[in-house]
Structures are given as structure tokens and as C-alpha cells.
Amino acid sequence: MPSANRTPRLRAARRIRFSGAMHVSFNLAADLDPALKSAALAAGLPDAAAFTPEIRTADPKHGDFQANGTLGFAKARKLNPRAVAEQIVTALPASIRESYDVSIAGPGFINFTLKPAMLLAWLRAYSTPAALTAGAASAHAGQTWVVDYSSPNTAKQMHVGHLRSAVIGEAICRLLTFTGAKVIRDNHLGDWGTQFGKLIYGFKRWADPVALATDPIEELERIYKLGHAATPDDSPELDEARRELVALQNGDPESVALWKKFSDVSLAAFQQIYDRLGIRFDYNLGESFYNDKVGRVYSELLGTKIAEDSAGALVVFHDEHPRFSRNTERPNPFMVRKADGASGYASTDLATALYRTEHFGAHGIVVVTDFRQGDHFEQLFLTVKKWFAAKHYRLPELHHVTFGAVTGEDGKALKTRDGGTIKLKALLDEAEERAFAIVTEKNPDLPESERRDIARAVGIGAVQYADLSQNRSSNYVFSWDKMLALDGNTATYLLYAVTRLHSIFRKLNLPAGDTAQESAASPLETSAELTLARKLAKFPDAIRLAADSLRPHFLCLYLYELAGEFSAFYTSDKVAVDEAPVRARRLLLCSRTLLTLETGLHLLGLRTITRM
RNA sequence: GCGAGCGUAGCACAAUGGAUAGUGUAGUGGCCUCCGAAGCCAUUGAUCCGGGUUCGACUCCCGGCGCUCGCACCA
């Protein structure tokens, strides 16, 4: 029987070469849509040109992908959906049949299950960070996106309410970069406005040089509170504070020097937080930067008759809109210039949108703030659209990424002016301390410096992940235990999976994610291997979902499930077995899982570690 | 008053109009002589109420109820 023995081996060898040479799409589901459309035409279905396959990733118990489109298509034409599905499936091109097991289920769903050989071909094709990046980079290739996030007020410490914008914004930046965009990170600081009159007023009276040297931002915050308390409405003190503001706006050297000092001190303090969160802005173009750019906004909005005078102020009504029309009980106009001639944040935001479009050539602008500013940004975007259309400026995509406010135990939003808010620095410190205690308990033999480093990654990661893993636009109540949880669907679980993977390669004395021995891999076989491989091949879908919707929690969910499949695989299938082909294919899975988890976690802004 | 967002097990969350609504945590019961138990396996438990659209609704529409927030010179 030598020939019978020989033939399959030859075929297998050819198969591998063939798989290596043929094009394997990064996003596998993308191949199904055109294939089903042409199958519908080839099957001669009535009105086949109108058929849309509606490809979705499927519940794993049904397969990898499913086509839902036959149901609606058949019903609308009084056809039997299962019969339609059968005609389409029969007409499917051979390439699809080679890659998938195809079945029809229930009322007419078409299910596609990737064949093990196709899974392996995909895993071989996307084996490096460069391959993943190249695969993902088509979505926003050649585009420039400006992301406006964090954006705290200067002269105040960041508190827990500032966390969400910073963490979500950074993850969005990384997702956009990964999908091919050139991203400009812009910190739109609140560094201009009436509060600086009060701050200078207070500074001149109560500044403590010693405190200013040791903890400047704390001292500035103290001074501002004093200044605010000392200048009640209609008081002569408030008039004095206003004079300070006018002096600043008129360029009085002493006032400008003070203002500059406040900004520098604040930025330095913010950067300490940003460093811990892995954030580095390209620009810190705060409101002050647009101070001399609002004049053009006024004249162009007036010239195009988009803005009008109302009670002495310059405002924009959107009469076609139910809420922003002048014809409502309590009109809510977009206030471009106040009656006293001063600019507000509407005018600086308009100037900002123009600057980002003209100077940065933005294709898209993303602003990350909590939902309370929803009306403002809706009005802003409506106004920008009319303005840019009237002046024939190119209109970028405008996105307001909202999220719920962080509230206290009473359900009320935390506010800076009230005492008792939790400082962001204190939160991060506490996170690291809790993580350090756990690391020390679990792994007391590691040197302290390494335990400290691990605690930073785990503790900060827990805080980041807590904010990223939920989509909710409703508020959430701040809780130390919730924010710093280290069990369950948390960063800890994902980092633990990463460290186990590193440990496997360490034990075998192979470089992390080693791919050298993969050619020896035998076909995927066990249930745990196949389940893990299927999950790995869904990475592109998770990226697409998260990047398209600007919702990082889709990526969190995917990574958590991937780590779960890995943990199950790790428990049931030993990697370091003696049979070389089995070991090779399991190491291939480990290598790819490590690559995917680390790539995904870095996209979320988390730092990964090799031991914990 | 007008409007927006939210309402899913005890608690905290998920579900791009699809199949038996998923997970964590807490509870219960198992699993370390064996690549790391910060883990794995099993199990109890839920869509605010009432209509509508759809072959199919947590999801879309209408009407209630509840919570949070926004509504002219603060940002």
C-alpha cells in the first residue's frame, strides 16, 4: 500500500503551499457578502439584484458567520425562505465551499462554519503585528482625524470625573491609528474665561509661596476657591476680579505672566497623570488659543446670515429643528457672542472646528465629553454644517462621543466646586496599592521593584478597563471596589492570560510568541483548539465594530472572551506535549493568542507584562 | 413646562432587528502529584408597565412610570 500512503501526504503538502500562496482576507466575513450576492443571481432568483445577504458573526453554536438576508427577501416576495436559502447555497462558488461548511437552519438562516484548514491558513497569514496592522489599516487609510479629549480646566486638579474622557479618548485614538488614520491628539484645555479673574484676584491676596513650590496645583485650587468665595455676585470684590480679567485680556504683562504660570503648572501636573495612563498629546490648544480667532467666526456667521442679533447677543437659531427653533416656548439659541461682547465656548468651539479643518486638514473630528454637553454639540455641529456649506469649506465628519457622568453615592454628578471629590491621582495611587498587596500575596518571591512594576500595570489597567468595558451612556455611581476590582471581567484576567502565555514560552526556552516551529503543525483537531482558533479569527470583526462605532467596549468584550477561550484551552489541552506536530500547532495557537491579546490591550491603552 | 439619555437576575454589566437574552460578582457543588488555582467545570436567578410595526423586538415607533441631565449671556 505504499501509493495509498503516499498520495494523501502529497496532497497535504500541496494544500499547505496553496494556502500560503492564496489570498486570505483579513476580515473573512467580507468575502461572503459578494459571494452570496452573485450566488443569488446565478441561482436565477426573481429580483435577485435586490438581495442583501446580511452577513453577521454568529453565535458559535451555529457557526462562524450567518446570512440573515434570505428571510426578509423571501417573505417580501411570498417565497419559501428555506427554498430560497437552498437555491443560494447550491449556487455558491467553489471557493466558499472549500473554506466553509455551509448549512441551512431554522426558518432559513444560512450558517457558515470555517473549516479547520481555512482557520489554520488565516492564522498563518496573520502571524505578526505588522500583518495585523496591514490587514486593519484599510478602514481609515489616508485620513486625518483630530481627537479632542481629556480637556480639563487649568488651575484645578483632575478628579474621577475627568477619567472617562481621557481613557476612552486615548483608546479611540489608538483604534483610529490602527485602522489607518493619522491621528492628532488635541487637549482642548479650559484655560480662558471669567474664572481667571477670580483666580488672579485670589492669587494676589493669598498665594503661599511655599505651598506653591511643593504642590502648585493644589495651591492654585485653594486660591481659586478662596477667590470664588470672596467675590459673590453684585459685590465690589467681583468688580475687582472682573478688572483683573480685563487686564489679562488686554495683555497686561503681569497678568499674562501669571496666567502663563498657571497654565505651565497645570500642564505639568496633568502630564503626571497622563504618563500613568499612557497618554501624550500632540497639541494643547486650549480655549485661549482661539481668543484671536473668534472675530472671523462672528463676521462669517453674520455675513452668511446664519447668526443674528437677539437681545444684544449674537445667536444662531435652527428653525428646522424641533428643539433649537425660535418657535418654541423657551427658545434655546446657540449663543455665539454674549450681549457684553465677550466670547463664550460656542464661539471658541466654532473657531476650533474651523482651525482643525483648515490647519490640520481633518477628515474627522471626534470630541469626547459627557452627555450633558449633548445639546451644545448638536447645535455646534448644525451650525458648522450650515457655515461650512455657505462658505464652501470642506465638511469633516463630526462625532460627539458621549458617556454618562460619574456620580457620588447620592446619584448626583460629582462637581469640582463641591468639596469631597475624589482626585484622580488618589484613585490611581489606591489602584496601584491594592494591586501591589495582591501581587505580594500571590508572588512574594519576586523582587519588590518588579512587584511595583506589575502593580502599576495591573492597578492602572484595572481602572482603565473598568471605564472602557462598558458602553453605557447613563451615569454610574463611583465605587472604589468596582473601579479597582481585580476578579472577573477585569484587566487582571486579561493580563493573567498574557502572563501565562509568556510563561509557556519561557518554560520551553523559546522567544515569546515564537513562530519558528509552526511549519510542523498538524491540523487543528480538539474542540478547545478549534474554539480558540475561531475566536482568534474574529479579531478583525471586533476591531471593525469598535472603530466604526467609536466604542472601545466591543474590543474589551472580544478580548475578554478570547482570554476565556484561551483559559479553557489551557486547562483542557496541554501545550508542552511530546508529539512535535501537536505541540507545534498548540504553540501556534498560543503565539497568536498572545499576539492578539497584547495588540488588543495596547489598543485600549493598557500596558502588558510578562509575569505577575 | 419642553427636551435628551438611561431603565435587563440581589448587585454590576453585555447583546451591529435574528435562533434557547449572554457574562461578572454574590450563593451552591466540584477540580491543584501534571505547562501559573489572579484559573477551570457545573448550577440557581432577569428584559419597568401598556400598545404598535415586523416572518422575527432588550433593540424600532407611540403612550405611561422612574432615575439622571439640559434648557440666554458659566464652560
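Letters go in sequence order (proteins before strands), and every chain restarts at 1. Since this is a predicted model, take the numbers as computed values, not measurements.
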Closest nucleotide among [options] to the [X] side chain:
X: A/I504; options: B/A75, B/C35, B/C41; value: B/C35
X: A/V315; options: B/A72, B/C35, B/C40; value: B/A72
X: A/T499; options: B/G36, B/U20, B/G39; value: B/G36
X: A/R323; options: B/G3, B/A14, B/A72; value: B/G3
X: A/Y496; options: B/G18, B/G36, B/C69; value: B/G36
X: A/Q470; options: B/A19, B/A14, B/G36; value: B/A14
X: A/N111; options: B/A75, B/G36, B/A19; value: B/A19
X: A/K61; options: B/U20, B/A38, B/G39; value: B/U20
X: A/L71; options: B/C55, B/A12, B/A38; value: B/C55
X: A/R500; options: B/A37, B/C74, B/G18; value: B/A37

Would you say the side chain of [X] and the base of [N] hold a donor-acceptor pair, judged only by whether the two atoms sit under 3.5 Å apart?
X: A/S549; N: B/U16; value: no
X: A/S310; N: B/A72; value: yes
X: A/S503; N: B/G36; value: yes
X: A/Q66; N: B/A19; value: yes
X: A/D481; N: B/A12; value: no

Check: A/Y560 ring centroid to A/Y493 ring centroid under 6.0 Å:
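So the answer is yes for these two rings.
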
Ring center gap for A/H318 and A/F334 short of 6.0 angstrom
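Not under 6.0 Å, so no.
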
Quick one: are A/F112 and A/D101 in side-chain contact, heavy atoms under 4.5 Å?
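A side-chain contact is absent here, since even the closest heavy-atom pair is not under 4.5 Å.
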
In whole Å, I'd like the distance from the [atom1] atom of [X] to the [atom2] atom of [N].
X: A/F377; N: B/G3; atom1: CZ; atom2: C1'; value: 19 Å
X: A/K75; N: B/U53; atom1: NZ; atom2: P; value: 16 Å
X: A/D59; N: B/G22; atom1: CG; atom2: C1'; value: 9 Å
X: A/L245; N: B/C74; atom1: CG; atom2: C1'; value: 13 Å
X: A/R326; N: B/C71; atom1: CZ; atom2: C1'; value: 17 Å
X: A/D487; N: B/A37; atom1: CG; atom2: C1'; value: 12 Å
X: A/F478; N: B/C13; atom1: CZ; atom2: P; value: 14 Å

By the 4.0 Å heavy-atom rule, please label [X] as base, sugar-phosphate, or nothing.
X: A/D375; answer: sugar-phosphate
X: A/G344; answer: sugar-phosphate
X: A/N471; answer: sugar-phosphate
X: A/G72; answer: base
X: A/T57; answer: base
X: A/A58; answer: nothing
X: A/R56; answer: base
X: A/S473; answer: sugar-phosphate
X: A/D233; answer: nothing
X: A/A485; answer: nothing
X: A/I438; answer: base

Can you tell me if [X] touches the phosphate of [N], counting only side-chain N or O atoms and a distance under 4.0 Å to OP1 or OP2?
X: A/R611; N: B/G36; answer: no
X: A/Y493; N: B/C40; answer: yes
X: A/K574; N: B/C34; answer: no
X: A/K442; N: B/A38; answer: yes
X: A/R330; N: B/A72; answer: yes
X: A/K482; N: B/C13; answer: yes

Under 3.5 Å for both donor-acceptor distances, Watson-Crick or wobble: does [N] have a partner, and if so which one?
N: B/U25; answer: B/G10
N: B/U59; answer: none
N: B/A15; answer: none
N: B/G3; answer: B/C69
N: B/C32; answer: none
N: B/U54; answer: none
N: B/U20; answer: none
N: B/A46; answer: none

As a test of the definition: with a 90° window around 0 for syn, would you call B/C55 syn or anti?
anti

Provide the closest heavy-atom pair for A/S266 versus A/L220 in the form atom of the first, atom of the second, distance.
OG-CD1, 4.5 Å

Upstream residue (5' side of RNA chain B) when A/R544 and A/I110 are each assigned their closest nucleotide
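Final value for this comparison: A/R544.
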
Of A/L557 and A/T610, the one whose nearest nucleotide on RNA chain B sits closer to the 5' end is A/L557

[N] pyrimidine/purine six-ring stacking with [X], under 5.5 Å and 30°:
X: A/Y345; N: B/A75; value: yes
X: A/H553; N: B/A14; value: no
X: A/Y570; N: B/C35; value: yes

Whether [Y] and [X] form a salt bridge (side-chain N of Lys/Arg under 4.0 Å from carboxylate O of Asp/Glu) is what I want to check.
X: A/D573; Y: A/R586; value: yes
X: A/R452; Y: A/E433; value: yes
X: A/R611; Y: A/D453; value: no

Just by distance, no angles: are the side chains of A/D191 and A/S288 close enough, under 3.5 Å, to form a donor-acceptor pair?
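Indeed, the side chains of A/D191 and A/S288 share at least one donor-acceptor pair under 3.5 Å.
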
Qualifying residue, where the test is side chain to side chain contact (heavy atoms under 4.5 Å, CB included) with A/L163 and the options are A/V406, A/I168, A/L427:
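It is A/L427; the other options fail the test.
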
In whole Å, measure the gap between the P atoms of B/U44 and B/G22 for me.
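Between the two P atoms, the distance is 12 Å.
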
If you draw a 6.0 Å radius around CG in A/N509, do more than 12 non-hydrogen atoms from other residues or ligands fall strictly inside?
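No - once you tally the heavy atoms of other residues, nucleotides and ligands closer than 6.0 Å, there are 12 at most.
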
